[in-house]
S.K.: 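I am attaching a structure below and will ask some questions about it afterwards.
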Amino acid sequence: MVDEKKEEKTLNFIEEIVEKDLSENKHGGRVLTRFPPEPNGYLHIGHAKSICLNFGLAQKYGGGTNLRFDDTNPTTEDVEYVDSIKNDVQWLGFNWVEERYASDYFDQLYAFAVKLIEKGLAYVDDSTAEEIAALKGTPTEPGKPGPYRDRAVAENLELFERMRKGEFAEGSRVLRAKIDLASPNMHLRDPFMYRIKFAHHHRTGDKWCIYPMYDFAHGQSDAIEKITHSICTLEFIPHRALYDWFIEKLDIFPSKQYEFARLNLTYTVMSKRKLLQLVQEGHVSGWDDPRMPTISGLRRRGYTPASIRNFCERIGVARRDNLIDMSLLEFCVREDLNAIAPRRMAVLDPLKVVITNYPEGREEMCLSENNPEKPETGDREMPFSRELYIEQDDFMENPPKKYFRLAPGQMVRLKSAYIIRCDEVVKNAEGTIEEVRCTYIENSKSGQDESGLKVKGTLHWVSAAHSIPVEIRQYDRLFRVEDPASQEGDFKEYLNPDSLSIITARAEPAFKTATPGEAFQLLRKGYFSVDSDSVDGKVVLNQTVGLRDNWAKGN
RNA sequence: UGGCAGGUGGUGUAAAGGUAGCACAGGAGAUUUUGGUUCUCUUAGUCAGGGUUCGAAUCCUUGCCCGCCAACCA
């Protein structure tokens, strides 16, 4: 008997559109989306939302997705970005049908432009940028025609050809669509189609000195690829009329544009321009700094592809502006890592514990489970000896009432080892605690406990002599305020100066074999990922996220 | 103050004229050799006013609030 109650997940508005199109057999039931990054920066978590939407939609409806680079502005674009983008999309777990570039279509786009000129729908404008702006009007006043608007078709054709040949100076002429200078939609007031740029393109080299604008490249590229659903963010809503206009006048494949609200996350920024500034001005170590909201930063921080995909699933897709709580992202990564990350012990802020009734020189092994969520992963051995380390904050000389940890006269369990009782506190001349002296209960060893004792607290620990030093990089939010982009003044004034702190911890010997990219849970501390800076003999751990801590919450 | 697009608990997101639900966050408890996990329970919402209707988050209307649009950026 199978319970047929499959939770019916409601469709988001784009899925509804696709299902409606499918039910009407539009495009013969074909679904083809595209993810269209401009290769002028690294991908961030906001792009992940778009990637999951585009690829996820196609997957769900038996279609495919093209990866298309919107590379129409050679002055800001670079192959470094192309490579990182491809890597990030694949890392997230998606495969594209075809890898395309808007620049693949430059010849076709040029032919499209000629066609519009021939139809009297485009013209070459010799005005300066200032003159054009002045004649464009404002949102409340219509624009006025400039002196070149009614040039003859033949003259436009000749001028456009000469633009392409490089006969005119950069910025001296543009090709504009002839639409409606009085339109309330500013994007329809004779938008630019081509501008002159004597710039080297990362793919076409020096073949071109004129480059199409976004509006004359994106929709046409969609049409050339026969994209059925072209999904973009809300700020492109005013462009949709233009998108449709070009497709109609060119009489090409009728791709349709749909807009959704981009992702915003608390305590970070989500614009490539701002992220680039953080990198260039050295506020972070690079695009993949673990504090960055970039895919590469999150990856280095220890976020898993599954956790990011789940996050994108949970935040939903709608058309209202949003600011998602960072705690949801953290929840998603804990959820995934809890299931898969092997447990280890490390003491971040060591306090020496001497077991006075444990013979000097003796050592024994304790077995500790690798992951209680996955018993099949077995146990590992941890050495136990007379001198140990525990966390400073796991001991208090004068504890409050519900303190379950170590205190004079109080007993605790050392995880996977013995129960110990604190007998004595040793201080130095200044009165600071140097070590804590305890006795262990001989018949209380984990797995063979015959002591009958019940203790409230269990502590993580390492054997002082056997432990190895590891560098731990702990991260806090990059900004001090929830929404740095909407603050007064420069967003960088709101950077959190304490977003990174580096300490040396004492870790159990199993860390000797840790390799970059591996994820662990440090018991009672959090999830950590082995950083690529790790070298032989020196392990570096990035804190991905802390464990939930109900004790800290109430204190 | 022109056009466009929006406004559902603290944060997101559902409910397509018929019981305002789910997740995160918050709170209480149980279990626990991680103050983790897990499991219960729980606080809290339809921007405001008017209208249509037996019935409105949903339709109409007025107002308020937020966002976007006047780059040779995408």
Side-chain angles (χ1 to χ4, degrees), chain A residues 7 9-12 16 36-38 40 70-73 75-77 102 125 128-129 132-134 136-143 170-176 183-187 189 192-197 210-211 213-215 217-218 232-241 259 261 266 272-273 314-332 334-335 338-339 343 345 368-369 372-373 402-405 412-417 419 444 446-447 449 455-460 482 521-526 546-555:
Chain A
E7 255 174 67
K9 254 210 288 160
T10 55
L11 303 176
N12 65 48
E16 284 178 1
E38 183 188 10
N40 67 345
D70 239 333
D71 55 351
T72 56
N73 185 5
T75 54
T76 57
E77 296 156 6
D125 195 328
T128 64
I132 291 173
K136 216 162 202 174
T138 68
T140 53
E141 312 160 50
E170 191 160 308
S172 64
R173 282 178 171 80
V174 289
L175 182 72
R176 300 177 71 181
S183 173
N185 181 346
M186 299 295 292
H187 294 272
R189 321 250 268 221
F192 297 178
M193 292 165 60
Y194 269 91
R195 76 287 215 190
I196 300 170
K197 265 181 198 276
I210 58 172
Y211 292 94
M213 302 288 292
Y214 165 85
D215 286 308
H218 196 94
C232 62
T233 47
L234 254 27
E235 63 269 27
F236 290 96
I237 289 174
H239 294 253
R240 190 174 60 233
E259 312 88 7
T266 54
K272 277 196 273 186
R273 200 196 102 251
R314 281 174 209 256
I315 59 177
V317 178
R319 277 169 75 87
R320 50 188 110 90
D321 292 330
N322 59 79
L323 180 60
I324 308 279
D325 204 317
M326 184 67 93
S327 64
L328 180 59
L329 219 207
E330 294 178 341
F331 168 83
C332 290
R334 282 195 196 102
E335 180 184 46
N338 176 56
R343 272 54 170 174
M345 293 195 223
S368 195
E369 65 270 19
E373 305 293 320
K402 300 255 272 192
Y403 189 78
F404 300 156
R405 308 176 187 181
V412 295
R413 155 81 59 189
L414 293 178
K415 171 72 181 174
S416 301
I419 291 173
S444 68
S446 291
D449 183 359
V455 295
K456 298 294 280 272
T458 300
L459 309 185
H460 62 279
E482 275 204 335
Q521 183 196 103
L522 291 185
L523 238 60
R524 301 208 302 137
K525 284 295 167 188
L547 254 25
R548 269 182 60 192
D549 189 348
N550 285 316
W551 163 251
K553 227 183 265 175
N555 286 271

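Below, chains carry the letters A, B, ... as their sequence lines are ordered, and counting in each starts from 1.
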S.K.: Output the rounded distance in Å from CG (A:Asp325) to P (B:A44).
M.R.: 21 Å

S.K.: For A:Pro139 and A:Leu523, take the nucleotide of RNA chain B holding the closest heavy atom to each; which residue's nucleotide lies nearer the 5' end?
M.R.: A:Pro139

S.K.: Whole-Å distance between B:G27 P and A:Asn550 CG?
M.R.: 8 Å

S.K.: Identify whether any heavy atom of A:Met213 sits under 4.0 Å from a base atom; if not, whether one sits that close to sugar-phosphate; answer base, sugar-phosphate or nothing.
M.R.: sugar-phosphate

S.K.: Under a 4.5 Å cut-off applied to non-hydrogen side-chain atoms, are A:Ile132 and A:Asp125 in contact?
M.R.: yes

S.K.: Measure from the side chain of A:Lys415, starting at C-beta and using heavy atoms only, and say which of B:U33, B:G2, B:G12 lies closest.
M.R.: B:U33

S.K.: On the nucleotide B:A74, are OP1 or OP2 found under 4.0 Å from the side-chain N or O atoms that A:Arg195 carries?
M.R.: yes

S.K.: Rounded off to whole Å, could you give me the CE-to-P distance for the A:Met186 and B:G3 pair?
M.R.: 14 Å

S.K.: Could you work out the separation of B:C22 and B:G45 based on their P atoms and round it to a whole Å?
M.R.: 15 Å

S.K.: In terms of side-chain heavy atoms of A:Asn338, which of B:G36, B:A74, B:C69 is nearest?
M.R.: B:G36

S.K.: Stacking between A:Tyr214 and the base of B:A74 (centre distance under 5.5 Å, interplanar angle under 30°)?
M.R.: no

S.K.: Checking all strands, does A:Leu234 fall into the base, sugar-phosphate, or nothing category for heavy-atom contacts under 4.0 angstrom?
M.R.: nothing

S.K.: Any idea how A:His187 and A:His239 line up, ring-wise: parallel (<30°), tilted (30 to 60°), or perpendicular (>60°)?
M.R.: tilted

S.K.: Touch check for A:Leu323, heavy atoms < 4.0 angstrom, all strands: base, sugar-phosphate only, or nothing?
M.R.: sugar-phosphate

S.K.: Rounded to the Å, how far apart are A:Asp215 CG and B:C69 P?
M.R.: 13 Å

S.K.: Counting side-chain heavy atoms from CB outward, which of B:C69, B:C72, B:U37 is closest to A:Pro238?
M.R.: B:C69

S.K.: Identify the residue among A:Lys415, A:Arg524, A:Met345 that makes a side chain to side chain contact (heavy atoms under 4.5 Å, CB included) with A:Leu459.
M.R.: A:Arg524

S.K.: Sticking with atom P, work out how far B:G49 lies from B:C64, rounded to a whole angstrom.
M.R.: 15 Å

S.K.: Just call it for A:His239: base, sugar-phosphate, or nothing, with non-hydrogen atoms closer than 4.0 Å on any strand.
M.R.: base

S.K.: Students often get this wrong, so: under 4.0 angstrom with heavy atoms, is A:Arg320 touching a base, only sugar-phosphate, or nothing?
M.R.: base

S.K.: For B:U37, does OP1 or OP2 lie under 4.0 Å from any side-chain N or O of A:Arg548?
M.R.: yes

S.K.: Please give the distance between the P atoms of B:G17 and B:C60 as a whole number of Å.
M.R.: 12 Å

S.K.: Classify the nucleic acid contact of A:Lys402 as base, sugar-phosphate or nothing, counting any heavy atom under 4.0 Å across all strands shown.
M.R.: base

S.K.: The side chain of A:Glu38 lies closest to which of these nucleotides: B:C24, B:G35, B:C73?
M.R.: B:C73

S.K.: What contact category does A:Asp549 fall into here, base, sugar-phosphate, or nothing, at under 4.0 angstrom with non-hydrogen atoms?
M.R.: sugar-phosphate

S.K.: Considering only the C1' atoms, how many Å lie between B:U42 and B:A25, rounded to the nearest integer?
M.R.: 14 Å

S.K.: For the side chain of A:Pro184, counting heavy atoms from C-beta on, which of B:G35, B:A71, B:G3 is nearest?
M.R.: B:G3

S.K.: Does A:Arg343 contact B:U34 through a side-chain donor or acceptor facing the base, at a distance under 3.5 Å?
M.R.: yes

S.K.: In whole Å, what is the span from the CG atom of A:Asn322 to the P atom of B:G10?
M.R.: 17 Å

S.K.: Is the shortest side-chain N/O distance from A:Lys525 to OP1 or OP2 of B:U34 below 4.0 Å?
M.R.: no

S.K.: Using a 4.0 Å heavy-atom cut-off, does A:Val455 contact any base of the nucleic acid, only the sugar-phosphate backbone, or nothing at all?
M.R.: nothing

S.K.: Nearest heavy-atom pair of A:Ser416 and A:Glu369: which atoms, and what distance?
M.R.: OG-OE1, 4.3 Å

S.K.: Taking B:G63 as the reference, what is the distance to B:G2 when you measure between their P atoms (whole Å, please)?
M.R.: 11 Å

S.K.: Under a 4.0 Å N-O cut-off, is there an ion pair linking A:Glu259 with A:Arg319?
M.R.: yes

S.K.: Between the base of B:A16 and the side chain of A:Glu16, is there any donor-acceptor pair under 3.5 Å?
M.R.: yes

S.K.: Tell me if the aromatic rings of A:His218 and A:Phe236 count as close, with their centers under 6.0 Å from one another.
M.R.: no

S.K.: Are A:Arg343 and A:Glu373 side-chain neighbours, meaning at least one heavy-atom pair lies under 4.5 Å?
M.R.: yes

S.K.: How would you label the contact of A:Tyr211 with the nucleic acid (heavy atoms, under 4.0 Å): base, sugar-phosphate, or nothing?
M.R.: nothing

S.K.: Indicate whether OP1 or OP2 belonging to B:G6 is found under 4.0 Å from a side-chain N or O atom of A:Arg319.
M.R.: yes

S.K.: Using the P atom as the reference point in each nucleotide, state the distance between B:G12 and B:C4 in Å, no decimals.
M.R.: 26 Å

S.K.: Give A:Ala129 one of three labels, base, sugar-phosphate or nothing, depending on what nucleic acid heavy atoms sit under 4.0 Å from its own.
M.R.: base

S.K.: When you get a sec, tell me which of B:C24, B:A14, B:G26 is the closest nucleotide to the side chain of A:Ala318?
M.R.: B:A14

S.K.: Could one point to a donor on the side chain of A:Arg405 or the base of B:G35 with an acceptor on the other under 3.5 Å away?
M.R.: yes

S.K.: Counting the atoms with a prime plus P, OP1 and OP2 as sugar-phosphate, which does A:Gly447 contact under 4.0 Å by heavy atoms, base, sugar-phosphate, or nothing?
M.R.: base

S.K.: Could you tell me whether the side chain of A:Ile315 reaches within less than 4.5 Å of the side chain of A:Leu328, counting heavy atoms only?
M.R.: yes

S.K.: Can you check the distance between B:C47 and B:G7, where both ends of the measurement are the C1' atom (answer in whole Å)?
M.R.: 7 Å

S.K.: Just call it for A:Arg413: base, sugar-phosphate, or nothing, with non-hydrogen atoms closer than 4.0 Å on any strand.
M.R.: base

S.K.: Hey, does A:Lys197 reach any base, or is it just sugar-phosphate, or nothing, if we go heavy atoms under 4.0 Å?
M.R.: sugar-phosphate

S.K.: Mind checking A:Thr72 for me? I need base, sugar-phosphate or nothing, with any heavy atom below 4.0 Å counting as a touch.
M.R.: sugar-phosphate

S.K.: Between the base of B:U33 and the side chain of A:Ser416, is one N or O donor paired with an acceptor at under 3.5 angstrom?
M.R.: no

S.K.: Decide whether A:Ser327 and A:Asp325 meet the rule of one side-chain donor and one side-chain acceptor closer than 3.5 Å.
M.R.: yes

S.K.: Look at the side chain of A:Glu373 against the base of B:G36 and say whether a donor-acceptor pair falls under 3.5 Å; ignore hydrogens and angles.
M.R.: yes

S.K.: Expressed in whole Å, how much space separates the P atoms belonging to B:A57 and B:G3?
M.R.: 30 Å

